[in-house]
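Please read the structure below before turning to the comments.
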Amino acid sequence: MSYWLMKSEPVTFGIDALAASPRKTTSWDGVRNFQARNFMRDRMKVGDLAFFYHSNCDEPGIVGVVKIVREGYPDPTAFDRNDAHYDPDSKPDNPRWYMVDVQLQRKFPHTISLTSLKKHADGKLKGLAVLQRGNRLSITPVSAAHWKFILDLA
DNA sequence: GCCAACGTTGGC
DNA sequence: GCCAACGTTGGC
C-alpha cells in the first residue's frame, strides 16, 4: 500500500465538511492537473492512506487521515457544463479527469502546521513534497518513513 | 493583497 | 518544438 497527501481549501471543503458527509466519505472531484490525475487514476489503491491537508488558510497544515475507499473513476463534474470544473474536452466515452473516493479515518486534535513540518525539512522530513519550494501539486506521495514520523507529531 | 512559482495554451 | 502570455496556487 501507499501513502499520500491531499490538499483541500477549508473554505471550499475542509475536514469538518468531510466529517459531516454521509459515511464520512466524499469523492475527490474537481482535480484538473494531469500529474494529480495520474496518481488517482493509476496509482491509488483501496486501502491506501492519505493525510488531509488544509491549504490557503490561516494555519496551513495536516489535519487528519483519510483512506482511499474507491479507486480512480471518471469525474462527472467535468461533463457538467454548469459545474465550475466543467471541461468540454472530457467526454463520457473518453474521460480526461478522474477521481477517487476517500473516507475520514481520523481528525487530529491539533493541526500539524506547515511551520512545524518545516522544522524537519532538512532532517526526518527531507524530500517531503509539500515542503519543496514552489510546490503546488494537490496530491503527492508520502514515503512510509515520512508517514510514520508525521503521525508521531500528531 | 502581494507575488513567486508553476502548469497550460497557443502562435509561430 | 520553442517560448511568451496567461491563469492558478498557496504561503505570507
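Naming: A, B, ... by sequence-line order, numbering from 1 per chain.
At least one side-chain heavy atom of A/R106 sits less than 4.5 Å from a side-chain heavy atom of A/L151. Within the 4.5 Å cutoff, side-chain heavy atoms of A/L49 are placed close to those of A/Y3.
From the 5' end on, the contacts that DNA chain C makes with chain A at under 4.0 Å to a non-hydrogen atom open and close at C/dG7 to C/dC12.
With sequence neighbours excluded, the residues forming a salt bridge (charged side-chain N to carboxylate O under 4.0 Å, His left out) with A/K107 are A/D16, listed by chain and number. Every residue two or more places apart in sequence or in another chain was checked for a salt bridge (charged side-chain N to carboxylate O under 4.0 Å, His left out) with A/R43, and none qualifies.
For the residue pair A/R32 / A/S90, no side-chain donor-acceptor distance below 3.5 Å is found, with atom types taken as modelled.
When each of A/R133 and A/F34 is assigned the nucleotide of DNA chain B with its nearest heavy atom, A/R133 is the one assigned upstream, toward the 5' end. Of the two residues near DNA chain B, A/N56 and A/G134, the one whose nearest nucleotide lies more 5' is A/N56.
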